[in-house]
Each structure stands twice: as structure tokens, then as C-alpha cells.
Amino acid sequence: MESTSDRQKGGLSERHQNEIEHGRHLAESGQPEVIWNWGSPAGQVRAKRRAQLIAEAAGLAPGKQALEVGCGTGLFSELMLPHGAHILAVDISPDLIDLAKGRKLPEDQVDFRAISFEYAGQPTQFDAIVGSSVLHHLEMIP
């Protein structure tokens, strides 16, 4: 039996449509990073620390290719930039990707795309796959 989250509407699952709508709502708030608690002074410290831990654990460095799943506004993309890896940063929300592109990060180092991570490429194309606070948004069981 097909579950509600598996039903297709207009080529996208209901789950995907809900995630896109959620991203739209966050972007329209004008404060997604405040909503995510990254905007306060303590939140900014936590974000920098988390980005550092992710980048170190993933071995991000010049010459490495990384996929960032659920990049949202590009906050963590920007914080991981100093490590030198090329980052394909994806999010299902075109509205959040627009905010990420507004950061005007170097295009030779970060490529923002409004796609679901399932369509970002083969895992073998990346030296690391990273994400922050995204697992609850993913349905990874076939």
C-alpha cells in the first residue's frame, strides 16, 4: 500500500512539496536563521563551532568535493568555505537557495542548487557528504 508521503502530485511527492512550502515560509519570515537559533550571539558561536567540527570530521580541504545536503540559507556553506573544498550545496527550497545565492560566495568554490539531495549526483562523486540539522527532513528508507 502506498503511503501518503509516497504519493505523487505534479511529479513531486507530498513530502517534497511540504518541504518546499516549509522553505517558502521560512524565507518569507525574513529571519530563517533567527528561527533556527543561529542569529543570536550564542547561536553564531554554536554555528561556527559546528561548521568547524563538520569540516574537520569530513576532511574538507582544497581539492576535495563535498555535497552539502539541506544547505538552507548557505550559512554553513559560508562557514566551511575557509577549508577550501568545493561544495555543491543543495536544498529542495528554491526560496532558501535564493537567500543562499544572496551571500555571493565564490562560484568556483560553492555551487548552490535548488534540488532534492536524491538528484545531486552519485555519492562516489564526492569526498564528503555533510549537512547540519537535516536528518529529520530526509526519508532515506526505500
Side-chain angles (χ1 to χ4, degrees), residues 3-142:
S3 73
T4 303
S5 64
D6 291 337
R7 284 194 203 111
Q8 298 291 310
K9 288 190 206 169
L12 293 175
S13 72
E14 185 176 341
R15 181 181 64 83
H16 283 118
Q17 289 177 350
N18 289 340
E19 291 294 338
I20 291 168
E21 184 57 35
H22 179 67
R24 181 176 299 117
H25 172 74
L26 289 166
E28 288 174 353
S29 77
Q31 301 184 53
E33 291 170 16
V34 171
I35 292 169
W36 292 323
N37 292 315
W38 301 121
S40 70
Q44 291 172 20
V45 169
R46 280 193 324 274
K48 287 178 187 172
R49 182 171 167 237
R50 183 178 289 189
Q52 182 71 28
L53 290 170
I54 290 170
E56 288 175 1
L60 300 187
K64 300 290 184 173
Q65 298 289 320
L67 170 64
E68 181 185 6
V69 177
C71 68
T73 63
L75 173 66
F76 285 91
S77 311
E78 185 169 12
L79 293 173
M80 291 186 286
L81 209 61
H83 293 273
H86 180 271
I87 301 169
L88 172 56
V90 301
D91 199 287
I92 197 166
S93 169
D95 299 291
L96 292 176
I97 288 293
D98 286 345
L99 293 175
K101 287 180 177 179
R103 291 179 181 275
K104 304 209 181 296
L105 300 180
E107 292 180 13
D108 65 331
Q109 201 171 349
V110 181
D111 181 10
F112 289 112
R113 294 190 196 168
I115 58 174
S116 177
F117 87 98
E118 295 96 339
Y119 303 106
Q122 297 298 315
T124 56
Q125 293 176 276
F126 304 103
D127 298 299
I129 299 174
V130 300
S132 177
S133 302
V134 297
L135 292 179
H136 61 287
H137 291 283
L138 307 177
E139 187 175 320
M140 300 182 64
I141 299 171

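Positions are given from 1 along the sequence.
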Separation between CZ (Arg103) and CG (Leu75), nearest 0.5 Å, reads 5.0 Å
One should read off an interatomic distance between Ile87 CD1 and Phe126 CZ, to the nearest 0.5 angstrom, of 11.5 Å
What one should report as the nearest heavy-atom pair of Ala51 and Leu79 is CB-CB, 3.5 Å
For Pro32 and Gly30, the nearest pair of non-hydrogen atoms, with its separation, is CD-C, 3.5 Å
Does Gln52 form a side chain to side chain contact (heavy atoms under 4.5 Å, CB included) with Glu56? I'd like the steps, not just the answer. CA-CA 6 Å; Gln52 182 71 28; Glu56 288 175 1; 2.4 Å; yes
Scanning both residues in full, the closest heavy-atom pair of Gly63 with Asp127 reads O-OD2, 4.1 Å
Exercise for the section: Evaluate the criterion side chain to side chain contact (heavy atoms under 4.5 Å, CB included) for residue pair Ile97 and Cys71; output intermediate values, then yes/no. Expected result: CA-CA 8 Å; Ile97 288 293; Cys71 68; 3.6 Å; yes
message = Quick check on Arg49: does its CZ atom have over 12 non-hydrogen neighbours (other residues, nucleotides or ligands) under 6.0 Å away?
response = no
One should read off an interatomic distance between Leu105 CG and Ser77 OG, to the nearest 0.5 angstrom, of 7.0 Å
For Gly84 and Gln109 the tightest heavy-atom approach is CA-NE2, 3.4 Å
**Q.** Sub-4.5 Å side-chain heavy-atom contact between Val34 and Ser29
**A.** no
NZ of Lys104 to CD of Glu78, rounded to nearest 0.5 Å, is 12.5 Å
In this structure, NE2 of His86 is separated from CG of Asp108 (nearest 0.5 Å) by 7.5 Å
| task | Please assess Trp38 against Thr73 for the test side chain to side chain contact (heavy atoms under 4.5 Å, CB included), listing each intermediate value before the final yes or no. | result | CA-CA 11 Å; Trp38 301 121; Thr73 63; over 6 Å; no
Heavy atoms of Ile92 and Pro94 approach each other most closely as O-CD, 3.2 Å
Closest non-hydrogen atoms of Asp95 and Ala27, given as atom of the first, atom of the second and distance, are CB-CB, 3.6 Å
Output for pair (Leu88 CG, Phe112 CZ), nearest 0.5 Å, gives 10.0 Å
List the steps and the verdict of side-chain hydrogen bond (donor to acceptor under 3.5 Å, both in side chains) for Glu21 and Gln17. CA-CA 6 Å; Glu21 184 57 35; Gln17 289 177 350; over 6 Å; no
